[in-house]
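I have placed the structure first, in the form of structure tokens, so that the comments after it can refer back to it.
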Amino acid sequence: MRCSIRKCFILSVGIVFLWLFIILKIPKETEDDQNVMTIKGQVASLELAQFGNWEYRVEMEASYNSRKDPRPLEDWQNLTFEYMEKIQKRRKRWLTVGISSVQQGDGSSLLYTLVSLFRISSKAEQKRLTVLVHLADSDITWLRETVAHISTLFSPQILEGQLLLIHAPSDAYPTVDSVRDEAFRGEFYSKQNIDHAFLMSFATKLSDYFLLIEDNVFIAPNFVTHIYSRVATMKSNSWVLLEFSNMGFLGKLFHSRDLPLLAHFLLLFYKEKPLDNLISHFRTLLVQESPILCRPFLFYRRVSYAAFDHKQKATGLRKKNTVGPNNPPAAVFTDMQVSNVHFPWEAYTLDESFFWTHNISIGNHLTVILNHPANLSRVQVMTGSIVDGRYALEKGQVELGYEPEGMPQHCTSFALLGHLLEGQMDQEILLKGMGYHVSCVRLVVKAGQAGGLIIRHIYLWEKNANYQQVDRC
């Protein structure tokens, strides 16, 4: 009996010291004139000074010690769950939108996406919603500036618990074997996969469902309501993954209960494949053989860029598509019907205008004729409404043209670049010589189609061009 009392006493003292340790490890620091970032121990808070009459805290998670190999996922999860319970005391919501973001361009992409996301969501939808952003870059200056910008723009959402920011330090990431083939690709995939493993691990208990998007996307209005309705119609069916976009890992919806397993899976195979391939493989492992594409698509990329360009600079590797398209000067011609509202040239602009036509026939085309031959590295063609996916080109292909002649000019030879899939094509030009001295880019209709057609944009990337980041809102 005496031994039992002694054990109880020791255990009680241990619990008290553990409680004091946890309390003292959560830093609480505020500055009046500048933002202060503190990453101490296993849990970190980012305290921000007053902006106007608001004073608030953006909590950031940094739950790994200084080591090169990832710690077991349970450590990350236990710390984040404890952090959420002790600090936030927030109620569970229906949907978490997860975004992982790194430094790129002028830094406006993430801000545009967040502005769009909250602007197009009704107040009722926002009550069901949490937006979780993983700031996955190790540049401390970029972190401070990004948090300051987000805090200025989204203080009401932060105070309501609708917007959360997290960060994992660079020491949490493993090194990539530099002698393996395609070393940079392995590093790119590895960091991206681990970024999203952290993101999903943190999101596990925030909501019933988790939606993965990117940091540079267009979002259809009332997307929460659309997703809620689709989930309701799928109640009688078993599913692992619903896809509200056909672009990579954009617009993928998961049950939150599957996130721990998915995060484990990404950490196990982070070197092997890019994220979208791992997600597809995970889906099949959980016995959903075929993808479930949910139309209308709700998410579209603004422009694509190669993330982690600072890593490329450090390794001396060539940057690839780090910014948006530049669309060299050109004229646009078509034999499709033209209205007095939307004109063919609007498909080639870098804003949100588009070309509208109807009742197209096989062989119809829209051709971009460049003022001067260009060396192209990539071509992107998008058709259909961004809101509901309607009016997309059902069957079409994109061709590159050469050797222009005549007046007005026309190309005398063409080479097939690629076919549209569900009204879209995003193709890098990999064959040597194919992208050089291109004078025409032609979209060709391969089957008659009644009703309307929207050609949303044709984007071109030049090799070794003097690019400028395109600001698009």
Q. Is the backbone N or O of Gln103 less than 3.5 Å from a side-chain atom of Asp137, with the two atoms forming a donor-acceptor pair by type?
A. yes
Q: Measure from the side-chain N and O atoms of Arg442 to the backbone N and O of Thr367, and report whether any donor-acceptor pair falls under 3.5 Å.
A: no
Q.
Which residue in the set Leu259, Thr204, Leu253 passes side-chain contact (heavy atoms from CB on, under 4.5 Å) when paired with Phe210?
A. Leu259
Q) At their closest point, which heavy atom of Leu417 faces which heavy atom of Met425, and how far apart are they? A) CD2-CE, 3.8 Å
Q: With side chain to side chain contact (heavy atoms under 4.5 Å, CB included) as the test, would you mind laying out the steps for Arg128 and Arg93 before giving the verdict?
A: CA-CA 5 Å; Arg128 294 178 171 175; Arg93 305 203 181 198; 5.7 Å; no
**Q.** Chi angles and distances behind the side chain to side chain contact (heavy atoms under 4.5 Å, CB included) call for Thr334, Ile455
**A.** CA-CA 12 Å; Thr334 186; Ile455 302 177; over 6 Å; no
Q: Give a yes or no on whether the backbone of Ala148 and the side-chain of Thr152 come within a donor-acceptor separation of less than 3.5 Å.
A: yes
Q) Rounded to the nearest 0.5 Å, what separation is found between the CG atom of Leu199 and the CD1 atom of Ile99? A) 9.0 Å
Q) Can you check whether Ala263's main-chain N or O pairs, donor with acceptor, with Ser201's side chain at less than 3.5 Å? A) no
Q | Rounded distance (nearest 0.5 Å) linking atom CG of Leu275 with atom CG of Leu250 | A | 11.5 Å
Q. Checking Gln288 side chain against Ser290 main chain: does a donor-acceptor pair fall under 3.5 Å?
A. yes
Q) So, Asp139 side chain and Val102 main chain: donor-acceptor pair closer than 3.5 Å or not? A) no
Q. Under the side chain to side chain contact (heavy atoms under 4.5 Å, CB included) criterion, do Ile429 and Val438 qualify, and how do the steps go?
A. CA-CA 11 Å; Ile429 303 174; Val438 175; 5.6 Å; no
Q: Take the angle between the ring planes of His255 and Tyr209 and call it parallel below 30°, perpendicular above 60°, tilted in between.
A: tilted
Q. Is Leu111 close to Ile150 at the side-chain level, that is, under 4.5 Å between some pair of heavy atoms?
A. yes
Q) Does Ser109 reach the main-chain N or O of Asn216 with its side chain, forming a donor-acceptor pair under 3.5 Å? A) no
Q | Sidechain-backbone polar pair: Thr349 side chain, Glu346 backbone, donor-acceptor under 3.5 Å | A | yes
Q. How far does CD of Glu243 sit from CG of Leu293, to the nearest 0.5 angstrom?
A. 5.5 Å
Q) Taking the six-membered ring where the residue is Trp, are the ring centres of Phe249 and His196 under 6.0 Å apart? A) yes
Q: Walk me through it: do Val133 and Leu114 pass the test side chain to side chain contact (heavy atoms under 4.5 Å, CB included)?
A: CA-CA 10 Å; Val133 180; Leu114 292 176; 4.1 Å; yes
Q. Under the 3.5 angstrom rule, does the side chain of His281 hit a backbone N or O of Asn277 as a donor-acceptor pair?
A. no
Q. For the residue pair Phe269 and Phe265, is the inter-centroid distance of their aromatic rings smaller than 6.0 Å?
A. yes
Q. Can you tell me how far OG of Ser280 sits from CG of Leu241, rounded to the nearest 0.5 angstrom?
A. 7.5 Å
(Q) Would you call the rings of Phe343 and Trp345 parallel, tilted or perpendicular, taking 30° and 60° as the class edges? (A) parallel
(Q) Contact between Tyr228 and Leu95 at the side-chain level, heavy atoms closer than 4.5 Å - yes or no? (A) no
(Q) Using only atom types and a distance under 3.5 Å, with no angle test, would you say the side chain of Asn327 pairs donor to acceptor with the backbone of Ile458? (A) yes
